[in-house]
Visitor: 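One structure is given below, represented as structure tokens, and several questions about it will come after.
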Amino acid sequence: MSPNLHTAITINLTILKSLLHRLISLNHFNQILSQSILTGHIHNTLFSTKLFTFSLPSFPFHHSLRIFTHFLQNPNPFASNSLMRAHVDRNQPHHAISLYNSLSRRSAVFDNYTHPILLRACASRTSELEGRQVHSHVLKMGFGSDLYVNNTLINLYAVCGNMESARKVFDESPVLDKVSWNTVLAGYVQLGDVEEAERVYAMMPVRNTIASNSMIVLFGKSGCIEKARQLFDEIEEKDMISWTALVSCYEQNGIFEEALGLFVEMNANGVVVDEVTVISAVSACAHLMIDRTGKVIHGLATKVGIEGYVSLKNALINLYSSCGEILNARKVFDGGLLADQISWNSMISGYLRCGSVEDAEMLFGSMPEKDVVSWSAMISGYAQHERFSEALALFQEMQVHGIRPDETILVSVVSACTRLAALDLGKWIHAYISKNRLKVNFILGTTLIDMYMKCGCVENALEVFHGLQEKGVSTWNALILGLAMNGLVQKSLSMFETMKKSGTCPNEITFVGVLGACRHMGLVDEGRRYFNSMIEEHKIEPNVKHYGCIVDLLGRSGLLKEAEEVIESMPMAPDVATWGALLGACRKHNNNEMGERVGRKLIQLHPDHDGFHVLLSSIYASKGNWGNVLEIRDSMAQHGVVKIPGCSMLEANGIVHEFFAGDKTHPKINDIEHMLYVVAAKLKIEGYTPSTNEVSLDIDEEEKETALFSHSEKLAVAFGLITIPPTTPIRIMKNLRICSDCHTVVKLVSKAFNRKIVVRDRHRFHHFKHGSCSCMDFW
DNA sequence: ATAGGGTTAG
């Protein structure tokens, strides 16, 4: 208790000053305030101003605000400025501006300190419009030649990216100092205008460290690493920011080792680091996936006492989860006081990256506030783990929560639709985009084209394509691949030519599409030509898929010898699809010698691959080597090959099927085609006679692949190998453009049950993607 | 009072 309080009834300005001088608690302050109100001293402007300015740095903001609004009817510029500055410092620049406006209406007086504060407020809102108004007030009130005012004006325009106006103020300013120069320079740096920045830097009367640091940042941004380094070396008085700028220059240009090296050097030179520096270094570790160094830096951060920065915490979460150290990431997440939105989102996607979907779900569920990124992380996490329907369900749920999807999340969802062939939802999203006039950037556009193409809606895909303002290579690729997979081979190839004319350089993927198109039509010569031009003209090294296409193209045309030679010439190991193409070609062209040789080798090489077994069985079956067919079947059983092509397609369409009751080797075996070979084999070997149930099927002669197939079809029905409940709708998509293997199976089902079956044409994506006709794998 | 460094989440 201050003894003076009781005598404060006679309080006056002098006494107030001495009181405030000794004052320590808010309680005391409030007592003085009450006294001044009672005595009426509060109406003395100097008195109230004194109280106000004292309160501002000492007590919670609302006390000062109350005094200002209630007792400072005619605030002097100093008081007004202080309050405006407090608003800006509290990160509420709009309050500063509206205070200024209301004071203006009351014809309050301002001074040359006022507008710099306001301009800072405008700059932090990047509000050029408000800034212009302040600018006109500046001129009206005659502060137009004040150095500080002009510097903050330059800064305002520079921050808003309007360098013309910034430059105008700069050029017309009667006095310039190094701040003026540095500010103009920073403006060009922010815009990434190397030319103009270099010009300004060269014109500067005296170079200073701040300007040089800005230039390092500029060079870093524009990828001129050597220039940045050179400038850094030339700086006489390097400070922490010079070092940090160069560290981040290396980091942003992907030279992570250099970044870390410089960070170490910096420490060795005794330069103090702060959180900004450490964040760059941690990020470099994350990219390099070296948690050992990361841990050392983490320790350093703790020692320096900067661990508390949320952004550093987030960088560490990212570091540990990139290195698979999810438990350490969680430790960082749980430690410390603050976790912001980014911490939560980083932790969730860290879990997803490490495959802990359940942990991610749990964290997601317990989040205080989910934003678009949280939902998006979870949705695309599901999609990455092939849990597409959960991804789509979550997307629906997100909307129930009133979150508006943005471009990025739409990309994830549309591609999940594509993978699920959920065309309805995909179309709904497309309509949603148009309805809400959302911007379709080229990534989203490409995703939509891809979806429509893979769902067989060429027209919709073309419409999206033509509506796009910007197109990337990937956009053209989606179009070219899409057209080819929908059988519009000529159009695909002509779009390829259009693409080149438009100045877009084709890449590896483009050629996967182009070669795929040729393969589709059996355009052997064109295929060879494109393959060569890819290497010679476009300097693209062929990858496995390109080779796969060529092998398949040659093989399908019966050029088996040549196809095998291509496989032998490949610089990399042929993948399963490429081998499959050759083996498939052997079967198609009845080259049993090569087929057996290749097939034997392949089931040895990939004993758990279903497709090779099936193809080899088929080759044996066509020769009537039934004993070998059974042998292959045993080999499958032995290697636990149970995932057999065909099964998932049928399951996906709700077809229930029970096979071959007597065969217990594979309780759920459901590969129709393969079963048929086995049935045929048993028939031959065991002399089985079909029952009287046998149904005769009319098969178009043209569509018969081999005699075996028609034989098998009869058998399948005769043995009752397949049953479909009559109520089950058979709805397998559209465009019956599938390869002969699928075709046979589908026809079999269709004929046997007298149903119309429409096949959605998605497998052909797979077809191109893997370079062979193992289309059933996809289902 | 005005000027320089930054990563991290989908």
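Every heavy atom of this structure was used, including side-chain atoms; hydrogens, water molecules and symmetry mates were not. A, B, ... follow the sequence lines: proteins, then strands. Residue 1 opens every chain.
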Visitor: Apply side-chain hydrogen bond (donor to acceptor under 3.5 Å, both in side chains) to residues A:Ser55 and A:Ser64 and explain how you reach the verdict.
Guide: CA-CA 6 Å; A:Ser55 69; A:Ser64 322; 3.0 Å; yes
Visitor: Given atom CH2 of A:Trp375 and atom C1' of B:dG10, what is their separation to the nearest angstrom?
Guide: 14 Å
Visitor: Using whole Å, what does the distance between atom P of nucleotide B:dG5 and atom CD of A:Glu251 come to?
Guide: 15 Å
Visitor: With centres under 5.5 Å and planes under 30° as the test, does A:Trp344 stack with B:dA9?
Guide: no
Visitor: Look at A:Asp89 together with A:Arg85 and state whether they make a salt bridge at an N to O cut-off of under 4.0 Å.
Guide: no
Visitor: Has the side chain of A:Thr244 got a donor or acceptor atom sitting under 3.5 Å from an opposite partner on the base of B:dG5?
Guide: yes
Visitor: Give one of base, sugar-phosphate or nothing for A:Asn208, where a contact means two heavy atoms less than 4.0 Å apart.
Guide: nothing
Visitor: What's A:Met378 touching, base or sugar-phosphate or nothing? Going by heavy atoms closer than 4.0 Å.
Guide: nothing
Visitor: Quick check for you: among B:dG6, B:dG4, B:dA9, whose closest atom lies nearest to any side-chain atom of A:Asn345?
Guide: B:dA9
Visitor: Just call it for A:Val372: base, sugar-phosphate, or nothing, with non-hydrogen atoms closer than 4.0 Å on any strand.
Guide: base
Visitor: Rounded to the nearest Å, what distance is computed from the OH atom of residue A:Tyr188 to the P atom of nucleotide B:dG4?
Guide: 16 Å
Visitor: A:Ser380 near the nucleic acid: base, sugar-phosphate alone, or nothing, with a heavy-atom cut-off under 4.0 Å?
Guide: sugar-phosphate
Visitor: Mind calculating the distance between OH (A:Tyr351) and P (B:dT8) to the nearest angstrom?
Guide: 21 Å
Visitor: Could you list the donor-acceptor pairs under 3.5 angstrom formed between side-chain atoms of residues 154-162 of chain A and any protein atom two or more places apart in sequence or on another chain?
Guide:
{"from": "A:Tyr157", "atom 1": "OH", "to": "A:His135", "atom 2": "ND1", "distance (Å)": "2.8"}
{"from": "A:Asn162", "atom 1": "OD1", "to": "A:Glu164", "atom 2": "N", "distance (Å)": "3.3"}
{"from": "A:Asn162", "atom 1": "OD1", "to": "A:Ser165", "atom 2": "N", "distance (Å)": "3.0"}
{"from": "A:Asn162", "atom 1": "OD1", "to": "A:Ser165", "atom 2": "OG", "distance (Å)": "3.3"}
{"from": "A:Asn162", "atom 1": "ND2", "to": "A:Glu128", "atom 2": "OE2", "distance (Å)": "2.7"}
{"from": "A:Asn162", "atom 1": "ND2", "to": "A:Ser165", "atom 2": "OG", "distance (Å)": "3.0"}

Visitor: Which nucleotide wins on minimum distance to the side chain of A:Asp406, given the candidates B:dG10, B:dT7, B:dG5?
Guide: B:dG10
Visitor: Side chain of A:Tyr113 only, please: which of B:dG6, B:dA1, B:dG4 is the nearest?
Guide: B:dA1
Visitor: According to a strict under-4.0 Å criterion, is A:Asn155 in side-chain N/O contact with OP1 or OP2 of B:dA3?
Guide: yes
Visitor: Look at the side chain of A:Ile409 and decide which nucleotide, out of B:dA3, B:dG10, B:dG5, has an atom nearest to it.
Guide: B:dG10
Visitor: Can you tell me which nucleotide in B:dG10, B:dG5, B:dT8 comes closest to the side chain of A:Ser346?
Guide: B:dT8
Visitor: Please check if any side-chain donor atom of A:Asp239 sits under 3.5 Å from a side-chain acceptor atom of A:Asn213, or the reverse.
Guide: yes
Visitor: Describe the nucleic acid contact of A:Asp239 in one word from base, sugar-phosphate, nothing, applying a heavy-atom distance below 4.0 Å.
Guide: base
Visitor: Side-chain N or O of A:Arg120 versus OP1/OP2 of B:dT2: is the shortest distance under 4.0 Å?
Guide: yes
Visitor: Measure the distance from CG on A:Leu312 to P on B:dT8 and round it to the nearest whole Å.
Guide: 12 Å
Visitor: Could you check whether A:Ile117 gets within reach of a base, just the sugar-phosphate, or nothing at all, counting any heavy atom under 4.0 Å?
Guide: nothing
Visitor: Which part of the nucleic acid does A:Ser242 contact within heavy-atom distance under 4.0 Å: base, sugar-phosphate only, or nothing?
Guide: nothing
Visitor: Between A:Ser311 and A:Asn314, do the side chains contain a donor N or O and an acceptor N or O under 3.5 Å apart?
Guide: no
Visitor: Decide yes or no, distance alone: a donor-acceptor N/O pair under 3.5 angstrom between the base of B:dG6 and the side-chain of A:Ser311.
Guide: yes
Visitor: Once you apply a heavy-atom cut-off of 4.0 Å, does A:Ser180 come out as touching a base, just sugar-phosphate, or nothing?
Guide: nothing
Visitor: Among side-chain atoms of A:Tyr100 and A:His137, is any donor-acceptor pair under 3.5 angstrom?
Guide: yes
Visitor: Please classify the nucleic acid contact of A:Val217 as base, sugar-phosphate, or nothing, using heavy-atom distances under 4.0 Å.
Guide: sugar-phosphate
Visitor: Of the nucleotides B:dT8, B:dT2, B:dG4, which has the atom closest to the A:Asn318 side chain?
Guide: B:dT8
Visitor: Please report the distance, rounded to the nearest Å, between CD in A:Gln252 and C1' in B:dT8.
Guide: 13 Å
Visitor: The side chain of A:Ala377 lies closest to which of these nucleotides: B:dG10, B:dT8, B:dG5?
Guide: B:dG10
Visitor: Just to be sure I understand the rule, does A:Ser376 reach a base, reach only the sugar-phosphate, or reach nothing, if contact means heavy atoms closer than 4.0 Å?
Guide: base
Visitor: Compile the donor-acceptor pairs under 3.5 Å between side chains in residues 400-409 of chain A and protein atoms, sequence neighbours left out, one pair per line.
Guide:
{"from": "A:His401", "atom 1": "ND1", "to": "A:Glu397", "atom 2": "O", "distance (Å)": "3.0"}
{"from": "A:Asp406", "atom 1": "OD1", "to": "A:Thr408", "atom 2": "N", "distance (Å)": "3.4"}
{"from": "A:Asp406", "atom 1": "OD1", "to": "A:Ile409", "atom 2": "N", "distance (Å)": "3.2"}
{"from": "A:Glu407", "atom 1": "OE1", "to": "A:Asn441", "atom 2": "ND2", "distance (Å)": "2.5"}

Visitor: Should the pair A:Trp181 and A:Phe170 be assigned to parallel (<30°), tilted (30 to 60°) or perpendicular (>60°) ring geometry?
Guide: perpendicular
Visitor: Test for a donor-acceptor pair under 3.5 Å between the base of B:dT2 and the side chain of A:Asn151, counting only N and O atoms.
Guide: yes
Visitor: Base, sugar-phosphate, or nothing for A:His115, non-hydrogen atoms under 4.0 angstrom?
Guide: nothing
Visitor: Specify the separation, in whole Å, of atom CD of A:Gln190 and atom P of B:dG6.
Guide: 11 Å
Visitor: Kindly point out which of B:dA1, B:dT8, B:dG6 is positioned nearest to the side chain of A:Pro116?
Guide: B:dA1
Visitor: Go through B:dG6, B:dG5, B:dA9 for me and flag the one nearest to the A:Ser349 side chain.
Guide: B:dA9
Visitor: Specify the separation, in whole Å, of atom CG of A:Leu156 and atom C1' of B:dA1.
Guide: 15 Å
Visitor: Counting side-chain heavy atoms from C-beta on, which of B:dG5, B:dA9, B:dA3 comes nearest to A:Asp274?
Guide: B:dG5
